[in-house]
Amino acid sequence: QVQLVESGGGLVQAGGSLRLSCVASGRTFSTDTMAWFRQAPGKERENVAQITWNGRIYADSVKGRFTISRDNAKKTVYLQMNSLKPEDTAVYYCNYNGAYWGQGTQVTVSS
C-alpha cells in the first residue's frame, strides 16, 4: 500500500503564495501519476493538477498560477500556488496513481 502525508496548507491573503507538499511511502514508482485535487464545501472534488512520467496537466482555473512538481528521490510531490484567489479556498488532497489519497490540507485565501 501507499501512504501519503500532506503539509503546507494555511491561511494566506489574496495574491499570496503557498507551497503544498505530499510525501509518499510504500511501493511507489517514479513513472506513476501523482495529482492534486481540491474540494470546497458543497462542491465536487476537482482535479487541480497532475504529473505523469511525460508531462503535466492543469485545470483551467489554476493554469498559469499553480505548478506541480516532484522529487522522485524524496518521493514527494509539490504544488506551488501563486496569485492565490479566494476561489482557491478548499481542502487540497494528494493522490497517487488514482488509488491512494492523502488526508487533505486546508487552504484558505482571504480577500
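In what follows, every heavy atom counts, from backbone to side chain, and hydrogens, waters and symmetry copies are set aside.
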* **Donor-acceptor under 3.5 Å (Thr89 side chain, Val109 main chain)** => yes

* Any side-chain heavy-atom pair from Leu11 and Gln106 closer than 4.5 angstrom? -> no

* Side chains of Ser111 and Gln13, donor plus acceptor under 3.5 Å -> no

* Asked: Is there a chain of hydrophobic side chains (I, L, V, M, F, W, Y, each step under 4.5 Å between heavy atoms) that links Tyr100 to Val91?
  -> no

* **Closest non-hydrogen atom pair between Pro86 and Ala14, with its separation** => CD-CB, 4.1 Å

* Asked: Residues in side chain to side chain donor-acceptor pair (under 3.5 Å) with Thr52, at least two apart?
  -> Asn54

* To do: Report yes if the side chains of Thr105 and Ser7 come closer than 4.5 Å at any heavy-atom pair, otherwise no.
  => no

* **Distance-minimising heavy-atom pair for Ala24 and Leu4** => CB-CD2, 3.6 Å

* Taking the side chain as every heavy atom from C-beta outward, state whether Leu84 and Leu18 have any atom pair closer than 4.5 Å. => yes

* Taking only residues at least two apart or on different chains, which pairs with a member in residues 36-68 satisfy ring-ring contact (aromatic ring centres under 6.0 Å, His included)? -> Phe37-Trp101

Name every donor-acceptor pair, under 3.5 Å, that has one atom in a side chain of residues 26-34 and the other anywhere in the protein, sequence neighbours excluded.
unit_1: Thr28; atom_1: OG1; unit_2: Lys75; atom_2: NZ; d: 3.2
unit_1: Asp32; atom_1: OD2; unit_2: Tyr96; atom_2: OH; d: 2.4

* Closest approach of Gln1 and Gln3, non-hydrogen atoms and distance? -> NE2-NE2, 3.5 Å

* Can the positive tip of Arg45 be found less than 6.0 Å from the middle of the six-membered ring of Tyr93, inside 45° of the ring normal? -> yes

* **Heavy-atom closest pair, residues Leu79 and Ala49** => CD1-CB, 4.2 Å

* In plain terms, say whether Lys63 and Asp60 are close enough for a salt bridge, that is, a side-chain N and a carboxylate O under 4.0 Å apart. => yes

* Mind checking the CD-CG spacing from Gln50 to Asn97? Nearest 0.5 Å is all I need. => 10.5 Å

* Asked: Between atom CG of Asn95 and atom CG of Asn47, what is the distance when rounded to the nearest 0.5 Å?
  -> 8.0 Å

* After noting the C-alpha distance and the side-chain angles of Arg70 and Asn72, does the key distance pass the side-chain contact (heavy atoms from CB on, under 4.5 Å) rule? -> CA-CA 6 Å; Arg70 68 197 300 173; Asn72 290 327; 3.1 Å; yes

* **Beyond-backbone contact of Met81 with Ser17, side-chain heavy atoms, under 4.5 angstrom** => no

* **Qualifying residues under salt bridge (Lys or Arg N to Asp or Glu O under 4.0 Å), relative to Glu87, sequence neighbours excluded** => none

* Atom of Cys94, atom of Val77 and distance for their closest heavy-atom approach -> SG-CG1, 3.6 Å

* **Over all atoms of both residues, closest heavy-atom pair of Leu20 and Gly9** => CD2-N, 3.6 Å

* Any side-chain heavy-atom pair from Ser61 and Arg38 closer than 4.5 angstrom? -> yes

* Qualifying residues under ring-ring contact (aromatic ring centres under 6.0 Å, His included), relative to Tyr78, sequence neighbours excluded -> none

* Asked: Looking at residues at least two apart in the chain, or sitting in another chain, which of them share a side chain to side chain contact (heavy atoms under 4.5 Å, CB included) with Gln103?
  -> Glu6

